[in-house]
Amino acid sequence: MLPLRYNAPPPVRRPAMAVDLKGELTELLRSALASVAPECADSAIGLERPRQAAHGDYATNLPLQLARSLRKSPREIAAMLAAELPASPLIERVEAAGAGFLNLFLSRAAKREVVRRILEAGDDYGRLPLGGGATVLLEFVSANPTGPLHVGHGRGAACGASLANVLEFAGHRVTREFYVNDAGRQMDILTTSTWLRYLELRGVRIAFPPNAYRGEYVRDMAARIEEAHGSRFVRDAEEVIAGTPGLPEAERDDDEADAQREAHLDALIANARRLLADDYAYFHQFALTEQLADAREDLGGFGVHFDRWFSERSLFETGMVERVVAALEKAGHVYLQDGARWFRAAAFGDEKDRVVQRENGQYTYFASDIAYHANKFERGFARIIDVWGADHHGYIPRVKAALAALGLDCDRLEVVLVQFAVLYRNGQKTSMSTRAGEFVTLRELREEVGNDAARFFYVLRKSDQHLDFDLDLAKSESSDNPVYYVQYAHARVCSVLAQWGGDAALIRGFDPGPLASARELALCRRLAEFPEAVEEAAREFAPHVIAFYLRELATEFHGWYNAERILVEDPALRDARLALCVAVRTVLANGLRLLGVSAPASM
RNA sequence: CUGCCCGUAGCUCAAUCGGAUAGAGCACCGGCCUUCUAAGCCGGGGGUUGUGGGUUCGAUUCCCGCCGGGCAGGCCA
């Protein structure tokens with residue numbers, strides 16, 4: 001279990017003008033505070049939503065906060081504030097209560113007003129100016145292009161895409177980026193795996209390494225190359241395995257055997273490069289292009305789109321990797337030891353120093369990652385956010401250390417960690433072993449449970465928490481399934497409107513005044529909370545807040561729907577209820593849109 | 001062994017900078033379709049928030065110890 005983000009985001013400031021209910025209430029309280037205790041007039045005023053209705057619509061613990069400095073009892077201060085609170089059409093009454101809380105009860109008119117606001121704002125209801133148009137680079141998924149995306153990548157995709165939507169809705173300009181690891185050993189392993197499968201097809205008998213990529217998709221790529229080029233890339237088995245140490249017995253799983261397998265694979269890669277010469281690049285490019293196209297298609301089908309696919313290889317081709325290492329060296333943060341170049345990460349808060357260039361001259365993944373992040377800073381984004389698998393948490397200090405050593409403000413980099421999802425079927429954990437090649441792919445998941453259920457389930461937990469993904473529940477067509485539960489509320493509203501049959505455009509002008517029942521007013525209050533949910537989701541990088549909110553809103557709508565009839569005889573009351581219906585539909589649709597889930601008109 | 005994180009109802013999880021009587025869903029039990037979609041609603045039982053201390057008006061929340069679990073600790077990515 002890991003923290004949601006590595007360091008605190010910049011403070012989010014509310015606009016100075018009271019443009020919303022909460023802001024107006026705060027101003028009223030500030031006015032009362034100024035007359036009760038002028039010396040504390042600029043204290044922070046926290047307004048919260050009490051859990052219990054008896055504690056009002058909003059409450060503040062201001063009296064408790066001030067008790068010490070004013071040398072008065074909290075109850076006394078609360079009573080004084082209540083007496084000095086200016087009269088307002090928003091407020092029905094105030095109460096000093098509990099240990100020293102001030103509870104505010106809104107007038108019915110104030111509660112109903114949100115319906116009018118929602119009908120006016122439409123798709124934009126919940127949109128906030130918090131980000132002030134600041135640019136954000138959000139990097140997520142960034143899976144190695146060495147095979148199909150699996151269900152772990154799916155969670156990063158769903159969380160990242162939802163977070164991007166939320167940040168955009170909260171007033172940021174978001175660039176969505178996928179970092180393509182097209183330069184490392186993993187790609188060489190995929191390239192060689194493809195060639196070995198090709199050789200197999202041509203009847204060349206070579207033991208396929210257990211640590212190479214064994215998936216069926218590798219055979220598919222090999223078959224297509226074989227179809228197009230015939231025997232052009234065939235070499236003798238003796239040549240292919242020349243100079244390799246050979247494989248240890250399959251049963252052995254000790255360190256020595258593992259090391260031998262790795263050495264064997266590296267030797268095969270070296271032979272492939274030598275024997276294929278220029279054609280090696282063909283295999284490499286073919287596999288890369290195939291896997292990226294596959295990922296793009298898969299993610300696109302999942303409603304996840306990127307503005308840019310950033311190539312790791314380009315960082316080498318433009319000399320960026322050399323440049324950042326040289327910059328670190330020039331600043332005295334790099335030294336030579338055992339033939340390798342080490343970055344003094346420990347001097348910048350990391351546990352130990354890290355290699356940036358290996359003894360054999362190859363740069364490490366870390367080196368290109370430094371270059372990548374330096375490049376992000378050069379592009380001038382106000383905020384840089386990485387969404388990583390939680391198993392990479394130990395990697396954060398070294399990247400931050402490198403940025404600091406380059407003289408960059410490493411606090412501008414924020415890292416969201418996403419835990420893996422574990423699939424359950426019939427109450428049993430489904431196996432997800434990569435080395436056996438039998439992992440569950442994102443595509444299989446999407447086909448089995450559908451895109452909507454997958455997107456929603458992935459963000460049903462805080463992203464840094466383990467997620468138990470119940471496949472049976474995700475597929476069930478019942479109220480047990482939270483996706484259908486929320487979507488059904490939306491479809492119900494649409495159905496009522498269809499039943500009514502009038503001109504939907506007119507509803508915008510309907511007067512919510514006749515709304516008066518407890519359920520209706522509670523629903524209004526819930527609708528007014530949506531911008532607060534968006535704010536929290538954006539501030540905490542927590543799209544699950546939106547999912548929770550939608551479930552609560554749907555609950556209150558279903559309750560109202562079952563308790564009271566909407567299409568009643570009285571035209572004024574019917575119109576008011578239709579207005580509330582449209583407001584509910586609007587908020588459900590806006591929330592679902594942030595999560596990349598469809599809002600069906602019928603189910 | 002060291003570092004980071006987590007521990008809340010039978011299960012999966014929430015809990016607003018430290019706030020009021022710790023909340024949902026699932027599972028379980030009992031009701032509701034001649035009336036706008038029953039993919040819905042209403043009601044019920046369920047808790048020493050792992051444990052022992054500390055900080056204070058107040059602790060699930062902050063600090064320390066212990067117990068249990070996860071992840072990380074490569075010239076891998």
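To find a chain, count down the sequence lines: A is the first, B the second, and so on, and within it residues start at 1. What you see below is based on every heavy atom in this structure, not just the backbone, and it leaves out hydrogens, waters and symmetry mates. These numbers come from a predicted model, not from an experiment.
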Expected label for B/C33 (glycosidic angle, syn inside 90° of 0, else anti) would be syn
Which of A/Y424, A/Y458, A/F420 passes ring-ring contact (aromatic ring centres under 6.0 Å, His included) with A/F469? Answer is A/Y458
Detail all sub-3.5 Å separations between protein N/O atoms and N/O atoms belonging to nucleotides 72-77 of chain B.
residue	atom	partner	partner atom	Å
B/G73	O2'	A/K352	NZ	3.2
B/G74	OP2	A/K352	NZ	2.5
B/C75	O2	A/E359	N	2.9
B/C75	N4	A/D338	O	2.8
B/C76	OP2	A/R358	NE	3.4
B/C76	OP2	A/R358	NH1	2.7
B/A77	OP2	A/Y365	N	3.2
B/A77	O2'	A/N144	ND2	3.1

message: Under 4.0 Å, heavy atom to any atom of RNA chain B: which of residues 42-51 of chain A qualify?
response: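 Contacting residues: A/E48, A/R49, A/R51.
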Between [X] ([atom1]) and [N] ([atom2]), how many Å, whole number?
X	N	atom1	atom2	answer
A/L467	B/C6	CG	C1'	16 Å
A/D468	B/G10	CG	P	17 Å
A/L573	B/C36	CG	C1'	14 Å
A/H558	B/C33	NE2	P	20 Å
A/D472	B/C26	CG	P	15 Å
A/N481	B/U12	CG	P	19 Å
A/R539	B/C17	CZ	P	6 Å
A/L62	B/G18	CG	P	18 Å

Under 4.0 Å between any heavy atoms, over every strand shown, what does [X] touch: base, sugar-phosphate, or nothing? Just pick one.
X	value
A/H55	base
A/S602	base
A/A59	base
A/E556	nothing
A/F101	base

With the side chain of [X] defined as its heavy atoms from C-beta on, choose the nearest nucleotide among [options].
X	options	value
A/N61	B/G19, B/A15, B/C17	B/G19
A/N103	B/A20, B/A14, B/C41	B/A20
A/L64	B/G19, B/U12, B/G70	B/G19
A/Q52	B/G70, B/A20, B/A14	B/A20
A/L567	B/C36, B/C13, B/A15	B/C36

(Q) A cation-pi test, strictly: NZ or CZ of A/R551 under 6.0 Å from the centre of the six-membered ring of A/F548 and no more than 45 degrees from its axis. Yes or no? (A) yes
| Does A/R461 reach the side chain of A/Q419, with side-chain heavy atoms less than 4.5 Å apart? | no
Side-chain H-bond candidate by donor/acceptor type, A/Y179 with A/D386, under 3.5 Å
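No, no side-chain donor-acceptor pair sits under 3.5 Å.
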Taking atom types as modelled and ignoring hydrogens, do the side chains of A/Y365 and A/Q186 form a donor-acceptor contact shorter than 3.5 angstrom? no
Review item, nucleotides 42-49 of chain B N/O atoms under 3.5 Å of protein N/O:
none

Between [X] and [Y], is there a side-chain N and carboxylate O pair less than 4.0 Å apart?
X	Y	result
A/R261	A/D258	yes
A/D369	A/R398	no
A/E535	A/K22	no
A/E536	A/R539	no

**Prompt:** OP1, OP2 of B/A39 versus side-chain N and O of A/R492: anything below 4.0 Å?
**Reply:** no
Review point. What are the two closest non-hydrogen atoms of A/A345 and A/K352, and how far apart are they?
Key: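 Here A/A345 and A/K352 meet closest at CB-O, 3.4 Å.
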* Secondary-structure stems for RNA chain B, with pairs counted as Watson-Crick or G-U when both distances are under 3.5 Å and runs at least 3 long ->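 Stems (3+ consecutive pairs) listed as B:1-7 with B:67-73, B:10-13 with B:23-26, B:28-32 with B:40-44, B:50-54 with B:62-66.
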Using residues 570-578 of chain A as the side-chain source, report each donor-acceptor pair under 3.5 Å to any protein atom, sequence neighbours left out, with the distance given to one decimal.
residue	atom	partner	partner atom	Å
A/D570	OD1	A/A572	N	3.1
A/R577	NE	A/E520	OE2	2.6
A/R577	NH1	A/R565	O	2.7
A/R577	NH2	A/E520	OE2	3.2
A/R577	NH2	A/E564	OE1	3.0

Sorted by chain and residue number, the side-chain hydrogen bond (donor to acceptor under 3.5 Å, both in side chains) partners of A/N562 (sequence neighbours excluded) come out as none
Surrounding CD of A/E322 (heavy atoms of other residues, nucleotides or ligands, distance under 6.0 Å), is the total greater than 12?
no
